[in-house]
Number of protein chains: 2
Amino acid sequence: MSVTIKDVAKEANVSVATVSRVLNKKSNVSEEAVRAVNAAVEKLGYSPNFLGRDLRKSETRRILAIIASTEQSFYSDVIRGMEAAAFAQNYDVLIATTHDDPNHEMHLLGMLFSRAVDGAVLLGPKLDANTINQLAQKHNIAMCLERLDNCNVLTVTIDNVKAGRDAVNYLIRKGHRKIGLITTIQRSQSSIDREIGYKLALKDNNIPFVEDYVYYGGYETEQGMRGCEHLMNLPSPPTAIFSISDIIAIGAMNYALSKGYRIGKDLVFMGFDNISYSHMFVPHLSTVEQPCYAQGKLVIEKLIENMKSPNPDHNLYTLPHSLVLRDSTGD
Amino acid sequence: MSVTIKDVAKEANVSVATVSRVLNKKSNVSEEAVRAVNAAVEKLGYSPNFLGRDLRKSETRRILAIIASTEQSFYSDVIRGMEAAAFAQNYDVLIATTHDDPNHEMHLLGMLFSRAVDGAVLLGPKLDANTINQLAQKHNIAMCLERLDNCNVLTVTIDNVKAGRDAVNYLIRKGHRKIGLITTIQRSQSSIDREIGYKLALKDNNIPFVEDYVYYGGYETEQGMRGCEHLMNLPSPPTAIFSISDIIAIGAMNYALSKGYRIGKDLVFMGFDNISYSHMFVPHLSTVEQPCYAQGKLVIEKLIENMKSPNPDHNLYTLPHSLVLRDSTGD
DNA sequence: CTAAATCGTGAAAACCTTTTCAATATAACA
DNA sequence: TGTTATATTGAAAAGGTTTTCACGATTTAG
């Protein structure tokens, strides 16, 4: 039905081996043959069947990026970094979404187990550390953005503890001592780490930790509003609020705006992620920026390196973050 | 090296054919064999090599969604719809990004030509209609969200002309007669169509078209600000502004806010897309909503249908849009 | 109790490549 | 000239599945 390498060989009056050689740019083939084959390929509109090729070579040169959903525009820079590193070594990057369903995550990893892709990168996995550890023993898996406790799989991330600590320390340095934290009920490691950082910063400055100053909500803007409302209705409300994501922070700011607080003066906000949308908001949000592109690039480089020769020793790469200071902290 | 169906057969003391039958849940196999095979699979940790399987069956049950980038969170609902339809028929959806590079778009389509996927959906292609027409003759290609003029490839979209017309007609019905349009230099068909709709609405109401009321910028927020600035500095500035995307509209609103215009009163805004971020903005943006999920779902259903038996007759599906009215139009 | 249908199974072909191996032809060398 | 190295080439194996075909065994029908 469909045109195969045999048809090309017949058309070009050579063997399939020669066609293959031409297609793969092997050196030891006469110019005449090259011409004949190329002409035949052109004429027949042939494109090689990757299934045959990949089967024979036992490699697909494709890497799967597994993410929760494409909604978080924040992933896009990571993906770009991954693609840059992949293309540089003739790999393609495919993306698939789990919608936070661990079963579906496992289903997608099935593509890896079944050799439909050569490697997989998990961006915020929902599977547990044990499972991933086990799978990574036999398959090329890496993690990015989000580390997992007790997981010795290749991971590229930032130091979220330090990031949270830096953010809160900055608020304290600006004179704030009543600092609220809006975080999530869902305990991703990064949320946990940022909360730890928050507490460490308090301790650094001998500020007692106040249970009421921590609000546990969800990842949505509405939850940010809710959190801010909760905090500001306390008997002694905070003068600064650190949110573990920009989305949440923007919700919090919206609430504050609606209540007439002067943002950056009466009340100060610090977000996390530096999402591209954040500069669309007035007032502009101060935030912690993590190197998305660099993380994506590095995780692919290391993954491919590992695919060639596994190195179980060094597997955690921590990239530097930075503070981006704007209106919401009065900068 | 890796465990194959042969190993399983040996372990289970049956032929590879029987193993295959068990794995594919064929009926004509004894319970005893089923047990033995399953035990062997479990014991050896076998998972079938999809390359072998796909090669033999000449199908991968994978569909590729080709998008510009994952930055536009607006795509995420489309993807969800696509996945829902695909999973229902045992297909997986993979995503790949072009970053608006037609060459890369072609490269990704190569996965289709080379049978690494069974079908592809283009969401806003950068290739021209001719090329796509030609490719679609031999391969399973569909388009979603964005139609192409002179392109008879399976397409699911909304009626952007009517959508633009409805939006502007609404503004006129609210009493506005000086209406600005902020659109893009890049001439995607949807932009063109929405502009046509804008002009038709004016004509519907005997309002003369004013060249100066149209600003051509880019897709970014900044361009929206720029556009609004341009329009409001005209000798006779508009009292209502229609933007072909929410991102642009939000930029425009930001400018208006900064200049002290009372949005929804002095100046009215209408966006397009109803991005999920839009409700995070105060004031809330009125916009045209298109059924993203439904479009994604339908395009996959029709694509799979076409893969079974091509139907070149009916290939354009137009889904209904709707107006979402909020603060920015004073609703 | 025989003939016919059904069931369960395995050997082998098929899917499309790449790559090894051996063979031929040519060039280089002594 | 005879020998060896080099350059091209094709036949065939290999990669892991699914599926067809044929066969023996068992059940059903008559």
Side-chain angles (χ1 to χ4, degrees), chain A residues 1-38 40-41 44-62 90 110-118 138-139, chain B residues 1-38 40-41 44-62 90 110-118:
Chain A
M1 176 181 146
S2 159
V3 38
T4 79
I5 199 174
K6 271 191 191 167
D7 304 317
V8 176
K10 194 172 292 175
E11 176 71 28
N13 260 315
V14 294
S15 72
V16 292
T18 299
V19 176
S20 175
R21 279 188 273 256
V22 172
L23 261 42
N24 294 290
K25 309 212 192 309
K26 296 284 169 68
S27 51
N28 48 346
V29 50
S30 69
E31 293 207 11
E32 194 189 341
V34 173
R35 262 194 304 275
V37 168
N38 284 335
V41 166
L44 301 179
Y46 168 75
S47 59
N49 184 319
F50 280 175
L51 298 172
R53 164 184 299 190
D54 294 347
L55 174 59
R56 175 58 225 235
K57 301 179 99 163
S58 316
E59 79 165 1
T60 64
R61 295 201 91 80
R62 256 166 259 138
N90 268 303
M111 289 189 54
L112 177 60
F113 311 150
S114 307
R115 289 91 177 171
V117 294
D118 294 346
K138 307 186 64 179
H139 304 282
Chain B
M1 175 180 149
S2 158
V3 37
T4 79
I5 199 174
K6 272 189 192 170
D7 304 318
V8 176
K10 195 172 295 179
E11 176 72 28
N13 261 316
V14 295
S15 71
V16 291
T18 298
V19 177
S20 174
R21 279 189 273 257
V22 172
L23 261 40
N24 294 290
K25 308 214 192 308
K26 296 284 170 68
S27 50
N28 48 345
V29 51
S30 71
E31 293 206 10
E32 195 189 343
V34 172
R35 262 194 303 277
V37 168
N38 284 334
V41 166
L44 301 179
Y46 168 74
S47 57
N49 184 321
F50 281 175
L51 297 172
R53 165 184 299 189
D54 294 347
L55 172 60
R56 175 57 225 237
K57 301 180 97 163
S58 319
E59 78 165 2
T60 64
R61 295 202 92 79
R62 257 167 258 136
N90 267 305
M111 289 189 54
L112 177 60
F113 311 151
S114 307
R115 287 90 175 172
V117 295
D118 294 347

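Contact annotation: the side chain of A/Val16 never approaches that of A/Val8 to less than 4.5 Å [non-hydrogen atoms, C-beta and beyond]. With a 4.5 Å cut-off on side-chain heavy atoms, A/Val41 and A/Leu23 count as touching.
Put simply, B/Ser30 has a side-chain N or O that comes within less than 4.0 Å of OP1 or OP2 on C/dT9. At D/dT17, one or more side-chain N or O atoms of B/Tyr46 fall inside 4.0 Å of OP1 or OP2 (strictly under the cut-off). Taking 4.0 angstrom as the limit, B/Arg53 places a side-chain polar atom (N or O) nearer than this to OP1 or OP2 of D/dT18.
The interatomic distance linking A/Asp54 (CG) with C/dT19 (P) rounds to 12 Å, in whole Å. Rounded to an integer number of Å, the gap from A/Leu55 CG to C/dC16 P is 12 Å. The nearest whole Å value for the distance from the NZ atom in B/Lys25 to the C1' atom in D/dT17 is 17 Å. To the nearest angstrom, C1' of C/dG10 lies 15 Å from NZ of B/Lys10. Between B/Glu31 atom CD and C/dC7 atom P the separation is 14 Å, expressed in whole Å. Rounded to whole Å, atom P of D/dT18 lies 12 Å from atom CD of B/Glu59. In this structure, A/Asn28 atom CG and D/dG10 atom C1' are separated by 13 Å, rounded to whole Å. In this entry the distance linking CZ of B/Phe50 with C1' of C/dT17 reads 20 Å, nearest Å.
The pair A/Asp54-A/Arg62 meets the salt-bridge criterion, with a side-chain N (NZ, NE, NH1 or NH2) lying under 4.0 Å from an Asp/Glu carboxylate O.
Along DNA chain C, the nucleotide closest to B/Val29 and the one closest to A/Ser47 are compared, and the more 5′ of them pairs with B/Val29.
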Enumerate the protein-to-nucleotides 19-21 of chain D contacts in which both atoms are nitrogen or oxygen and the separation is below 3.5 Å.
from   : atom 1 : to      : atom 2 : distance (Å)
D/dT19 : OP2    : B/Lys26 : NZ     : 3.0
D/dT19 : O4'    : B/Arg56 : NH2    : 3.3

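Residue A/Asn49 places its side chain closer to C/dT17 than to any other of C/dC15, C/dT9, C/dT17. Looking at the side chain of A/Ile5, the nearest of the listed nucleotides D/dT8, C/dG8, C/dT17 is C/dT17.
When every heavy atom of A/Ala9 is checked against every heavy atom of A/Ser15, the shortest pair comes out as CB-C, 3.8 Å.
Each of A/Asn13, A/Val19, A/Ile5 was evaluated against A/Val37; a single residue qualifies, A/Val19, per the side chain to side chain contact (heavy atoms under 4.5 Å, CB included) test.
One side chain, A/Thr60 or A/Asp118, offers a donor N or O that lies under 3.5 Å from an acceptor on the other.
Atom OH of A/Tyr46 and atom OG of B/Ser114 lie 8.5 Å apart (nearest 0.5 Å).
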